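By convention in this document, chain letters (A, B, ...) are assigned in the order of the sequence lines, proteins followed by strands, and residues within each chain are numbered from 1. No experiment lies behind these values; they were computed from the predicted model shown.
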Amino acid sequence: MEYDFKKIEANWKKYWTEQQVYKVSNNSNKPKCYVLDMFPYPSGAGLHVGHPLGYIASDIYARYKRLKGYNVLHPMGFDAFGLPAEQYAIETGQHPAVTTEKNIARYREQLDNIGFCYDWSREVRTSDPKYYKWTQWIFLQLFHSWYDRKEQKARPISELISIFEKEGNTNISCPGDETLQFDSATWKNYSEKERRDCLMQYRIAYQGYAQVWWCEALGTVLANDEVVNGVSERGSHPVERKNMRQWFLRITEYAERLLTSLDNLEWSEAMKEMQRNWIGKSVGAEIEFDVVADIPFVEEDGTVNPGHANILLKVFTTRPDTIFGVDFMVLAPEHEMVDTITLPEQRQAVAEYKTYVKSRSERERMSEVKQITGCFTGAYAFHPFTERQVPVWISEYVLAGYGTGAIMAVPSGDERDHAFAKHFNIPITNIFGDKYNGEEAYSSKTGTIENSDFLSGLNIADASEAAINELVKKGIGKRKVNYKLRDAGFSRQRYWGEPFPIVYVEGVPYGIDESPLPASPQGGGGVAQETSARDLSASLSKGEGDVAQLPVELPFVESYKPGPEGQGPLANIKDWVNISLPLGEGRGEASRETNTMPGYAGSSWYFLRYMDPHNDTEFADRKATDYWNQVDLYIGGTEHAVGHLLYSRMWTKALYDLGHIGFDEPFKKLLNQGMIQGSSRFVFEVIFSFISSRSSKSGRIFVSKTHYQKLKLIENDKGKVIEYLVNTGIDKYNIADIRADTTLRIIRHHIDVNLIYGIELNIPAFKEKFGFNEYNGYLLTEENGAYLCDTEIEKMSKSKYNVVNPDDIVAQYGADTFRMYEMFLGPIDVSKPWDTKGIEGVHRFLKKLWRLYFDDSGLIVNDEAPTEAELRVLHKTIKKIGEDIERFSFNTSVSQFMICVNELAGCHKRAILEPLAITICPFAPHIAEELWHQLGPDGYRDGSVVDAPFPLYEERYVTENTKKYPVAVNGKTRIEMEFPMDAEQADVEQVVLADETIQKWLEGKTPKKFIYVKGKMINVVV
RNA sequence: GCCUCGAUGGCGGAAUUGGUAGACGCGCCAGACUCAAAAUCUGGUAUUCGCAAGGAUGUGCAGGUUCGAUUCCUGUUCGAGGCACCA
C-alpha cells in the first residue's frame, strides 16, 4: 500500500468535520488551555506560505495539550474591517462587505486545507454587526468612564459627577487640561454643554485634536501608508498636515500600569523592551522660562497687545542638571505660543518655515537628523538662574506631542542641540570641563557638572536633585514623570469600520445609551448613564430609528467618496446622519457621528468573544471569561509589538477596572513567529528597437545568467553587445543588421517563482506564459541548454512574483508534509526564506514512516517484543518531542522524528509503532489518524486519535550508563574516551593521563590542572 | 535617525545551563537495483595541507573575559521588523 496522502487527508478531514471533533465545550472537568493565533486580515491576495507558520505552531501546541488531557480552546476568526477593502471598493466599485466575504471564504478554504484543529463554531468577524455591537458597547464603557489616578483605575463617570457636585475638581486634576479648576458651585452653575465639555476632558474615550494627512485634491484624509514621498499615493497630489477633531483613547493614563505589569508576562524580553520603549517613561523636570515679550503683537481677535505680557514657556527635560548649559530654546513649530512670541521682523520667516514643516512627516522629522533646519523667532527667554537671555528658535526636531513641545537646548550635552548650535552659529557654553572637546556633545551620563554655579562639582544624579530642589524653591519648576506614549487616535474618516454609537445634539456628543431606561437595553449592566438633561435623554431613547439600540449598523453606501470638509463617507448619507428628536422648540436636530473606528478597535478584545461567541446579551458571559481566563499561548508576528498588543492590554485593564472581567492582562504567554520571506527569481532581457530603411523592428532576447553578466560589462557599447549576440549564433531578428542608432536595453526583472525549479527556468512553461512564437522572443541559454536565474531574498508579495500558495504545496505533497516542512525550516521566531525544493526530504520521511506500517501487501505490524534499542529510540523520541513542544522548538522535533524513523528501519512492532503514531499526531494529524485507526481491530477504532493519551516515556530507556568524553589538552579536543557516568575524577584522571595520545600532547610537561565536568568533557591544562 | 532582533558549510538549520561546532534535511558526488528512467537503498560531503596517519584554520568583522566562547562583555559592519491612520 502506497502512502496515498490525498485519500487519507480528504477522508479524515471529512470525519473531523462530521464528528465535530474540534468542538470545544465551556463545561469541562479538565484543566483549560487557551491557544490563540493573531487572527488575519483577509486580504484579496489570499494566504501565502508565510501566513500559516504561526498557525501550524499553535495547532501543534493545541493538539499536544489536548493529548495531554487539557480542554483546549483554539479558535480562529477574521479581522475584517480595514483600509484595503475600502481602497479596493473605490477602485472597482465592489462593496467592501462583498469582497470581504469573498476573501474570508478563500481564507477559510485555504486554512481548512492545512488541517487545523480550530473550533469554527466560535469564529468571529469584526465586521459582523453581532460582533461590533459589543465593540461599540465597550467604546461606550470607555466613553462613560474616567481614570482615577489615586486608585489607578477606571471608574464610571457618574461617580466623577458626584464628586464634582460635592467639591468641584480640586482633588482630581484634569488629564485633558491640567489648568482646569472649578469648585462645586461653579460646577452647579455650568450649563449642560459646559459640563459635558468639562467631562470630555476626563473621559477615557474622548474627543480632541490631532494632525492628519490632508489631501486637498482628493478632498480626503490619508493614512500614513497612502502618503508616499510626500505626495498622495493615488494621483501624486500634494498633502499637508492638518489639525482635525478626532476621538482618542486616554491610554496615557494607563502608562504606568502597562509598564509595570509587563514584568509578570511570559513574553520575550525583546517584546517587553519594545513596549517599555514605546511607553517611554522618563523622569526629569518641568521648568518654566520667562520669555521676553516686550513687543506689541496682534491677538486673534484683532486687538493689539502692547507687550510686557508675562509669557511663560514650559519645557520638559530629563537633564535638569544641565540647566546652566542652556544656550537656546527650541519650540515645536506647531507650538501654540510660536505666533505669540515671534517678533514682527521674523514673522514671515517663521510662517514660511511652518509651511515647510507642514509637508513633513513625523518620521522624516525624526530620522533626517543630518539635515538641520530651524527658524529664529526673534524672542529671548530669561535663564531662571543666571537671568541670561537665550534665543528662542523653532525647529522640526522638536515634536509637539512629546513633553511640552518645547525644550531647553544644551548643546554641550546633547548631540542634536550641538548640531543645531553649530549649524546656526549659536555660542556654546561648556558645562563639562575638559570632557567636552568643542567638536562633539558630551552626552555620557557619567562625570561631574562644571561651570554651573551651585551645581558645579556634583555628579549628574546629585546635580539633577539639587537643580530640581532649587527650581521648586523658586516656584518655577517641578519634578515630572513624562511618557513618550501618546493617546491613541481612535477615529478614521473612512467607511469600512465600526460606526460610533454617538449622537450629537447641538454639537454635543452623547452616547446613544444615555437614557433613563436601563443603561444598555441589551443587558450587560453598563456604566450608569450620566446625562443631566432629563428631557433630552428621554428623547434619545425614543428618537426615530430607536437610537438606544446597539449596534449602530453601518449603512449601505454606493459611493465611498469622502464627505465635506474631510469627513468620512458616512457624512454623505443624510438619511442616516440626521436624526430628528422630539425635543421641543429648536432642539430637535441631532446627528450621528460620521467617523468610524480604526482597525485595532475590533482586534482589541476579540480574544474575549471567542469564549462565548454567540452571546446576544453580553460581550461574553462572566462564567465563560472566568473559566477560560487569560490566553495561555498567543502566537503572532512582531509587527504587532506595540500597536495591537498595547491596545489589547489597555482594553483588558479597562474592562477589568469596570468589573466586567476578572483579569487585567490578556496574553499570559506570547510567542512571535518570524516571517517567511520570498525567494525571488530574476530573468534577464535584452530589448531593442530600431528603424531600418523599410520597417521598424523590435525584439526581446531572454539571456541566461552568465550571458547577462558578460553583457552587463559591455552594456554601454552597443557594437560590442550586438557582436556578442551575433557570436552566440542568434540569427533571429537579423541581429547583425542592428546599427548604432538602435535603442537597446539590458534589464533584470522578477519572474514568477512558479515557473522555476531551483534556479533553473522551466522553459516550456515560461514560453507558454510569455506567448513565445517565431516572431516574439528568443531564449539564450547556457551551453547545456539550461536557463539560469538570479535569486534574491525579499518579502513575499504579489508585486515580486515570489508568492507561493499553500494550496499548491498541499496538492502536491499533502498537508502533513506541508505542516512538518514549515516547522522544519527553522526556529519559529526567526525569519527565513521559503524554498520549495527542501520539502522533498520531509515528504520522503513521511513515506518512510508509512513503510514501517505497510508494505505492498498492506499492514505489516506484528506483536513481537521490541528490542532494548528500539525501546530506547522510541522513549527518547517521546521525551524529546514533549520537551521540544513545551519550549516551542518544533524544527528539532521534526529532526528527532527523522532520526527515530531512520533508526527504526525494519521495525514493524506494534509496541513501538502505536505510541509513535500518537506522538506524531500534533505535527501530522492526518497520517497519525490513519495509522492509529489501522492499528485498531479490523482497521478501525471509535473516536479520534486526538483524544488518545500522549505516551509517557520511561526514565530507564532515556538515561545512559556511560559517556564518550571529548578529552582536550589546553582546550583543544584530541581524543574521545569512554567512562561510566558515575566515574570519579581521580579514576578518570589516572586513565586519561596514562593515555598515549594525551602523553604525546603533554610533551612531557606536568599538567597544571585537570578539569572533569561529569557528563560533559575532560580538559587537561599544562 | 531611534527602538528591537538577527548573522554558523553550496542552502535551511543543530549545539536546551560556557563544555566534542556543523545533528537533521536539501543540494552535490559515488555506488546498488534497472534495458533505461523514476522511485528506493548504501556510502561520502566545512575549508585547507597531506598518499595516508594526522595536522592547521573555522560560527559577519575587531578586541576582551575564561582551562574552555556559536553561547558572556565592548566596539563595529550588514540585514530584517517597528516608529503611532497598512493590518
What contact category does A/Asn1019 fall into here, base, sugar-phosphate, or nothing, at under 4.0 angstrom with non-hydrogen atoms? base
Which is true for A/Glu273 with a 4.0 Å heavy-atom rule: it touches a base, it touches only sugar-phosphate, or it touches nothing? sugar-phosphate
Please determine, for B/A14, whether a Watson-Crick or G-U wobble partner exists with both distances under 3.5 Å, and give it or none. none
Output field: ring centroids A/Phe81/A/Tyr132 closer than 6.0 Å: yes
Paired to B/A37 by Watson-Crick or G-U wobble criteria (both distances under 3.5 Å) is none
Would you check, one step at a time, whether the test side-chain contact (heavy atoms from CB on, under 4.5 Å) holds for A/Leu262 with A/Arg649? CA-CA 10 Å; A/Leu262 275 175; A/Arg649 293 181 62 216; 3.3 Å; yes
Determine the contact category for A/His644: base if any of its heavy atoms lies under 4.0 Å from a base atom, sugar-phosphate if only primed atoms, P, OP1 or OP2 are that close, otherwise nothing. nothing
Answer yes if the ring centres of A/Tyr254 and A/Trp651 are under 6.0 angstrom apart, and no otherwise. no
C1' spacing across the pair B/U20 / B/G75, given as an integer number of angstrom: 31 Å
For a quick check of understanding: with a heavy-atom distance under 4.0 Å over all strands, which category does A/Pro40 fall into, base, sugar-phosphate or nothing? nothing
Could you work out the separation of B/G50 and B/G55 based on their C1' atoms and round it to a whole Å? 9 Å
Any base atoms under 4.0 Å from A/Asn902, or only sugar-phosphate, or nothing? Heavy atoms, all strands. sugar-phosphate
Close side-chain approach of A/Val398 and A/Tyr402, heavy atoms under 4.5 Å: no
Determine the interatomic distance between C1' on B/G54 and the same-named atom on B/G60; round to the nearest Å. 31 Å
Using 30° and 60° as the class limits, which term best fits the ring planes of A/Phe500 and A/Trp247: parallel, tilted or perpendicular? parallel
Distance check, P atoms only: B/U77 and B/A23, in whole angstrom units. 34 Å
Does A/Glu368 reach a base, just sugar-phosphate, or nothing at all? Heavy atoms under 4.0 Å. nothing
Using the P atom in both, what is the distance from B/G25 to B/C61, to the nearest Å? 28 Å
Between which nucleotides of RNA chain B, 5' to 3', does chain A make heavy-atom contacts below 4.0 Å? B/G1 to B/A87
Please work out if A/Arg974 contacts a base, only the sugar-phosphate, or nothing of the nucleic acid, heavy-atom cut-off 4.0 Å. sugar-phosphate
Quick one: sort the A/Phe897 and A/Phe845 rings into parallel, tilted or perpendicular, breaks at 30° and 60°. tilted
Any strand is fair game: report the nucleotide pairing with B/G75 by Watson-Crick or G-U wobble, both distances under 3.5 Å, or none. B/C61
d(A/Met274 CE, A/Thr638 OG1) to nearest 0.5 Å is 6.0 Å
Taking every heavy atom of A/Phe248 against every heavy atom of A/Ala210, the minimum-distance pair comes out as CZ-CB, 3.4 Å
Taking a pair to mean Watson-Crick or G-U wobble geometry with both distances below 3.5 Å, B/G1 pairs with B/C83
Does A/Trp214 reach a base, just sugar-phosphate, or nothing at all? Heavy atoms under 4.0 Å. nothing
To the nearest 0.5 Å, atom NZ of A/Lys358 lies from atom CD of A/Glu396 at 15.0 Å
Spacing of the P atoms in B/G22 and B/G10 (rounded, Å): 16 Å
Side chain to side chain contact (heavy atoms under 4.5 Å, CB included) with A/Tyr821: of A/Asp816, A/Ile839, A/Val894, only one passes, and it is A/Ile839
Quick check with a 6.0 Å cut-off and a 45 degree axis cone: is A/Arg241 positioned over the face of A/Trp213's six-membered ring? yes
Which part of the nucleic acid, if any, lies within reach of A/Gln246 when heavy atoms closer than 4.0 Å are counted: base, sugar-phosphate only, or nothing? base
Rounding to the closest angstrom, what is the interatomic distance between B/C11 and B/U66 at atom C1'? 34 Å
Select base, sugar-phosphate, or nothing to describe what A/Ala270 touches, counting heavy atoms under 4.0 Å on all strands. sugar-phosphate
Mind running a 4.0 Å heavy-atom check of residues 842-854 of chain A against RNA chain B and sending the residues that fall below it, in number order? A/Arg844, A/Lys847, A/Lys848, A/Arg851
Does B/C51 have a Watson-Crick or wobble mate here (both distances under 3.5 Å), and if so which one? none
Would you classify A/Lys272 as touching base, sugar-phosphate or nothing, given that sugar-phosphate means primed atoms plus P, OP1 and OP2, and contacts are heavy atoms under 4.0 Å? nothing
Which part of the nucleic acid does A/Leu83 contact within heavy-atom distance under 4.0 Å: base, sugar-phosphate only, or nothing? sugar-phosphate
Sugar-phosphate, base or nothing in reach of A/Ser491, heavy atoms under 4.0 Å: base
Inter-nucleotide P distance (B/G6, B/U42), Å rounded: 38 Å
With syn defined as a glycosidic torsion within 90 degrees of 0 and anti otherwise, which applies to B/G43? anti
Could you tell me whether A/Gln493 contacts a base, only the sugar-phosphate backbone, or nothing, with contacts defined as non-hydrogen atoms closer than 4.0 Å? base
